[in-house]
Number of protein chains: 2
Amino acid sequence: MGRHREFDVEKALDAALCVFWRKGYEGASYADLTEAAGVERPALYSAFGNKEALFRRALDRYYERYMDFIPEALQLPTAREVAAHILYSAADLHTRYPSHTGCLGINGVLAGSDEAEPVRQALIDARAAGEAQLRERFERAKAEGDLPGTANPDALAAFVMAVSHGMAVQGKAGFSRGRLEAVAEQALSTWPSDRTPELHPEP
Amino acid sequence: MGRHREFDVEKALDAALCVFWRKGYEGASYADLTEAAGVERPALYSAFGNKEALFRRALDRYYERYMDFIPEALQLPTAREVAAHILYSAADLHTRYPSHTGCLGINGVLAGSDEAEPVRQALIDARAAGEAQLRERFERAKAEGDLPGTANPDALAAFVMAVSHGMAVQGKAGFSRGRLEAVAEQALSTWPSDRTPELHPEP
DNA sequence: GTGGTTTAGTAATGGCCATTATGAAAAAGG
DNA sequence: CCTTTTTCATAATGGCCATTACTAAACCAC
C-alpha cells in the first residue's frame with residue numbers, strides 16, 4: 001500500500017547517467033541531476049539512496065547498455081577481431097553523443113578529492129575486470145595458436161585498454177570519430193601474427 | 001620598500017603542482033593547497049591571484065619541468081626514436097612519484113562542473129599543442145624518407161598521444177612502470193616501416 | 001469512508017568551498 | 001624615530017554542496 005511513484009526510475013537513472021557522463025562524479029551536482037531527471041531532490045534520494053549509490057547504479061547501467069561491445073568482442077573468433085571490435089566500438093561510443101563525449105568510466109573520476117576515492121576505486125576495479133577478461137581471451141587465443149607463442153596476452157590486453165582510454169580522453173577533448181578510428185587503425189596495424197599482417201579489415 | 005615575502009614562491013608553486021597532480025583541479029581545495037605549501041591562504045592569493053591562475057602557473061611549470069622529454073624527443077633522428085622516447089618517458093613519469101601518479105595534464109580536469117570549463121579547455125589546448133608538434137615532426141620524417149610514403153603523420157601523432165594518455169590513466173590506476181613499458185613496447189611494435197615487419201617465429 | 005503507509009514538494013540544515021576584510025607586524029626611506 | 005608600504009595571520013563572508021525535516025497529498029486494505 002501507499003502512494004505510487006510518479007516518475008519513471010529507469011528514466012531518472014538514464015538522465016543521471018548522462019549528467020555523470022558529461023560532468024563526472026564530482027562535477028555533477030545534485031541540482032544538475034535532479035534537473036536532468038525532472039524530479040525533486042528527495043525523490044532521487046528515496047529512489048537511489050545517495051549520490052554515490054546513484055553513480056554506482058549509473059555505472060552498472062553504463063556497462064550493461066553501452067559497453068556491451070566487450071562481451072560481444074570476446075566471442076569473436078580471433079584475437080585480432082576481438083581487439084578491432086573493441087577499438088572501433090570505443091571510437092564510436094566516445095564520439096556518438098555530442099552532449100556527453102568520452103567514456104563514463106574515464107570521465108567519472110580520474111583524480112579528485114578524498115571523498116571521491118571509493119568511486120575512483122570502483123572505476124579502477126571495473127576497468128580492471130574488463131582488462132582481465134581481455135587478457136584471458138588472449139591467453140586462449142595463444143593456446144589455440146591464433147596468437148603466436150611469443151605474444152604477451154597481458155601486455156596486449158593492457159595495450160588495447162590503454163588505446164581505448166586514450167581515445168576516451170581524446171573523445172572528451174572533441175576529437176572526431178574519424179580521428180579516433182585512425183588511432184584504432186594504427187593500433188591494429190601490425191597485430192602480432194604468424195603471417196604478414198593484412199591491413200585494416202573490420203567495418 | 002615594504003615587508004619582504006617570508007616564503008619561497010617557487011616552492012609554494014611546486015607544492016601546489018603536486019597537489020593538483022594528485023587531486024586534479026576541482027578535487028584540490030584551497031585548504032589542501034595552503035597546507036601543502038605551508039602558507040596561509042591570503043599569501044597564496046597575493047602571490048598567484050586565484051585558484052585558476054595558480055593552476056595555470058602549475059601547468060606551465062609541469063610542462064617545463066616534467067614534460068621536457070617532448071622537446072628532447074622531437075630532436076631525435078628518426079620518427080621511431082621520437083615515439084619511443086615519448087612513450088618510455090611517459091611510462092616513467094606516470095609512475096615515478098607514488099604520491100602523484102599519472103599526468104597532471106590528464107588528472108587536472110577531464111570532466112567537471114561548468115566552472116572548471118576554462119581550465120579543461122586549457123588542458124585540451126596544451127595537449128593539442130604537443131600533438132601538433134609531433135605531427136609536424138612526423139611530416140618532416142615522411143619528407144625525409146624516414147617514414148614510408150603511406151604513413152599518416154596525423155594519425156601517428158594522435159596514436160602516440162592516445163597511448164600516452166592511456167598510460168596516464170593506467171598510471172593513476174596504480175599500474176607499475178613495467179606494465180606501462182610493456183604497453184609502450186606493444187605500441188611501438190606497430191610502428192610503420194618500409195621493411196616488412198619482423199615475424200614472430202614458430203616455436 | 002477511514003487508518004496506515006508511501007511519495008511529492010517546500011524549505012531548511014550544517015559543512016565546506018573560494019575569496020577577502022581587517023589589523024598587526026615587519027621592512028625601508030627620510 | 002616615524003611614516004609608508006608590503007606581507008602576514010586571524011577570522012569572516014556569501015555561496016553552493018549533499019542531505020533531510022516536515023507537511024500535504026495520494027494510494028491501498030479494510
Side-chain angles (χ1 to χ4, degrees), chain A residues 1-13 15-20 22-59 108-109 111-120 122, chain B residues 1-13 15-20 22-59 108-109 111-120 122:
Chain A
M1 48 184 131
R3 185 170 173 175
H4 302 318
R5 204 163 246 144
E6 288 183 1
F7 68 96
D8 185 336
V9 176
E10 300 282 294
K11 284 202 180 299
L13 181 55
L17 165 51
C18 290
V19 173
F20 282 132
R22 175 177 159 73
K23 298 192 164 190
Y25 174 64
E26 292 198 295
S29 73
Y30 233 89
D32 295 330
L33 295 166
T34 52
E35 186 187 7
V39 154
E40 297 302 322
R41 269 171 238 260
L44 267 194
Y45 276 98
S46 83
F48 299 103
N50 63 6
K51 190 181 171 186
E52 179 175 338
L54 175 55
F55 181 85
R56 288 176 186 271
R57 286 284 301 272
L59 183 63
V109 201
S113 74
D114 294 339
E115 207 189 36
E117 190 60 21
V119 173
R120 190 177 80 87
Chain B
M1 50 183 129
R3 184 173 174 175
H4 304 317
R5 206 165 244 140
E6 289 183 1
F7 68 96
D8 185 336
V9 176
E10 300 282 295
K11 284 201 178 298
L13 181 55
L17 165 51
C18 290
V19 173
F20 282 132
R22 174 175 160 75
K23 297 193 164 189
Y25 175 64
E26 293 199 295
S29 73
Y30 233 88
D32 295 330
L33 295 166
T34 53
E35 186 188 6
V39 154
E40 295 303 321
R41 269 172 239 258
L44 266 194
Y45 276 98
S46 83
F48 299 103
N50 62 6
K51 190 182 171 184
E52 178 175 338
L54 175 56
F55 182 85
R56 288 177 185 271
R57 285 283 302 273
L59 183 62
V109 199
S113 75
D114 294 339
E115 208 191 34
E117 190 59 22
V119 172
R120 190 178 79 87

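Computed from a prediction, not measured in an experiment: that's the story for all the values here. Throughout, protein chains are lettered first and strands after them, A, B, ... in sequence-line order, and every chain is numbered starting at 1.
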So which atom in B/Ala28 and which in B/Val19 form the shortest heavy-atom distance, rounded to 0.1 Å? CB-CG1, 3.7 Å
Take the protein atom CZ of A/Arg41 and the nucleotide atom C1' of C/dT10, then report the distance between them rounded to whole Å. 11 Å
What nucleic acid atoms does A/Glu40 come within less than 4.0 Å of, heavy atoms only: base, sugar-phosphate, or nothing? base
Rounded to whole angstrom units, what separation is found between the CG atom of A/Asp32 and the P atom of D/dA18? 8 Å
Here the distance between atom P of C/dG9 and atom CG of A/Leu44, to the nearest Å, is 12 Å
Measure from NZ on A/Lys51 to C1' on D/dT19 and round the result to the nearest Å. 12 Å
Report the distance from atom CD of A/Glu115 to atom P of C/dC16, rounded to the nearest whole Å. 9 Å
Proximity to the side chain of A/Ser29 - top-ranked nucleotide from D/dC17, C/dT6, D/dT6: D/dC17
When you measure from the side chain of A/Lys51 to the backbone of A/Tyr25, do you find a donor-acceptor pair of N or O atoms at a distance under 3.5 Å? yes
Please name the pair of heavy atoms, one in A/Pro118 and one in A/Glu52, separated by the smallest distance, quoted to 0.1 Å. CB-OE2, 3.7 Å
Please tell me if B/Ser46 has a side-chain N or O lying less than 4.0 Å from either OP1 or OP2 of D/dT7. no
note: B/Tyr45, atom OH; D/dT10, atom P; distance rounded to Å ~ 17 Å
N or O in side chain of B/Asn50 less than 4.0 angstrom from C/dA18 OP1/OP2: no
5′-ward residue of the pair B/Ala31/A/Pro42 relative to DNA chain C: A/Pro42
Taking the inter-plane angle between the rings of A/Tyr45 and A/Tyr30 on a 0 to 90° scale, is it parallel (under 30°), tilted (30 to 60°) or perpendicular (over 60°)? parallel
A/Glu26 side chain vs B/Glu26 backbone, donor-acceptor pair below 3.5 Å: no
Nucleotide D/dT7, atom P - distance to NE2 of B/His4 in whole Å: 11 Å
Among D/dC8, C/dA8, C/dG9, find the nucleotide with the atom closest to the side chain of B/Phe7. D/dC8
Please state how far atom NZ in B/Lys23 lies from atom C1' in C/dA18, giving the value in whole angstrom units. 15 Å
Under 4.0 Å, counting only non-hydrogen atoms across every strand here, what does A/Ala28 touch: a base, just sugar-phosphate, or nothing? sugar-phosphate
Counting distance alone, no hydrogens or angles: does the base of D/dT6 have a donor or acceptor under 3.5 Å from a partner atom on the side chain of B/Arg3? no
